[in-house]
Amino acid sequence: MSQDHPANLLYTREHEWARIEGNTATIGITHFAVEQLGDVTQVDLPREGETIRKEDVFGSVESVKAVSDLYAPLSGKVVKVNNPLNDTPQYLNDEPYDDGWLIQIELSNPAETASLMTAAQYAEFLRDQDAH
Amino acid sequence: MVPFGGWDMPVSYPAGILEEHRTVRTAVGLFDVSHMGEISLSGPRAAEAVQRLVTNAVGKLDDGAAMYTVMCADDGGIVDDCIVYRRAADDYLIVVNASNVVKDRAWMVERAGALATIVDESDATGLIAVQGPRAVALVARLAGRPLGDEVSAFRFARVDVAGIPCLVARTGYTGEDGFELACPEGSTRRLWDALLEAGATDGVRAIGLGARDTLRLEARLSLYGNDIDSTTTPLEAQLGWVVKFDAGDFIGRAALLAQRAEGLKRKLVGFIARGRGIPRHGYPILVEAGGAPVGAVTSGTTAPSLGVAVAMGYVPTALAEPGTMLVVDCRGKPVPVEIVKGPFYRRSASS
């Protein structure tokens, strides 16, 4: 299961992940999220320079089956957007932790990272979800 | 992400909806549609009973012929859409939507029970749809004889397929050529396995409900409960071609005649998204961004064969002309849509 939730990432209950490097965070959605969505056909993301706030909706992912909101795991200013997803949304299905990343933000409140789950906690969270 | 709510039917798709969709458009796919209902009406006055219930002309059917039609209530609202098969002059089979079997049977018994023996054969019947450009050849191979000419569009025949007695009908719900095979319930698994095995060289796949929905939507076929229901009439739903007013005094005829005379207030139209966003079931249809809703999307999806999003919905007749530009409010985002005529996808004539 380790490749399902890489150990170097932090996770949310809404199935986003964040990779913290210094004062920036790269954000994406998890393998589990992608499995649930099925084939992704469109991704709506903020523009560079916009600010997003933890737990607010910052975009959406459309799959053939459904549309799902993206909730910001952390607050900050968007410094990079994975624009190739516009033309190749299947990166999300194929490589959710690599080519399927969504945005990169400059953290405005790095202390927020303390509220996110580790890979082990996220795995446990999924197990609990499954049990219900 | 939200906890992925709003999924009516969480089904797992090993190949994924897009790959399954492609398989049916380019090769052949199998659908286990045994959940569909099969109700028979038999007896000397069976034809009269069926004509009482459906809007299409039962008298046009000969043995081995099938037709698409709807059953209406007295007010013209659609009770169900269905396919009527004439097995013999005194024996008809009506294939109905799974979710409506109990309601339909009760309706048939109430309104035509005095005219025919009505039996719900659903539990005894398995149904497998074989759809795609290679479907006819695959079934013919398992039948050991060519079927393409013998069983033409909307015809059916009793044929042994892989040694299993089937009712093989040239019908479907995908916009592709193919058959639907009704067999004894206990043989369904064996028939399924035989089709999978024999179709391996054709690239056959099992197809889930997700691709069933994208395929039927591209072909612009209505789904009961979404695009048509008891609050919509076949005339509004652009199914006027299955309403034959001179066929007999079917239930709903007077209401439909009155509606036709009055003129339709709204119509079911198909439209293509001309911007990013997928119009989905329930999203409001507007004349312009920020305006008041004039209708709602009844079905919508990305159309894998076309690379755009397509949808259907009811709009006022004045706005129903092909070419009309409207707006769908996709969760607060206005997405321009263009009304188009006819199916979104048409298979090439050669198949």
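All values below come from the heavy atoms of this structure, side chains included, with hydrogens, waters and symmetry mates left out. Just so we're clear, the structure is a prediction, and the values are computed from it rather than from any experiment. Letters A, B, ... are given to chains in the order of the sequence lines, protein chains preceding strands, and every chain is numbered from 1.
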More than 12 heavy atoms from other groups under 6.0 Å of CD on B:Glu197 | no
A:Gln90, CD atom: more than 12 neighbouring heavy atoms under 6.0 Å | yes
Qualifying residue, where the test is side-chain contact (heavy atoms from CB on, under 4.5 Å) with A:Val64 and the options are B:Thr301, B:Asp213, B:Ile278 | B:Thr301
Applying the side-chain contact (heavy atoms from CB on, under 4.5 Å) test to A:Asp39, which of B:Thr214, B:Leu18, B:Thr302 qualifies?
-> B:Leu18
Side chain, backbone, both or neither: which part of A:Asn93 has a non-hydrogen atom closer than 4.5 Å to chain B?
-> neither
Taking only residues two or more places apart in sequence or in another chain, which ones pass side chain to side chain contact (heavy atoms under 4.5 Å, CB included) with B:Arg212?
-> B:Phe31, B:Val33, B:Met36, B:Tyr173, B:Leu209
Under the 3.5 angstrom rule, does the side chain of B:Arg276 hit a backbone N or O of A:Gln42 as a donor-acceptor pair?
-> no
Is the number of heavy atoms from other residues, nucleotides or ligands under 6.0 Å of A:Lys77 NZ greater than 12?
-> no
d(B:Arg331 CZ, A:Glu62 CD) to nearest 0.5 Å is 7.0 Å
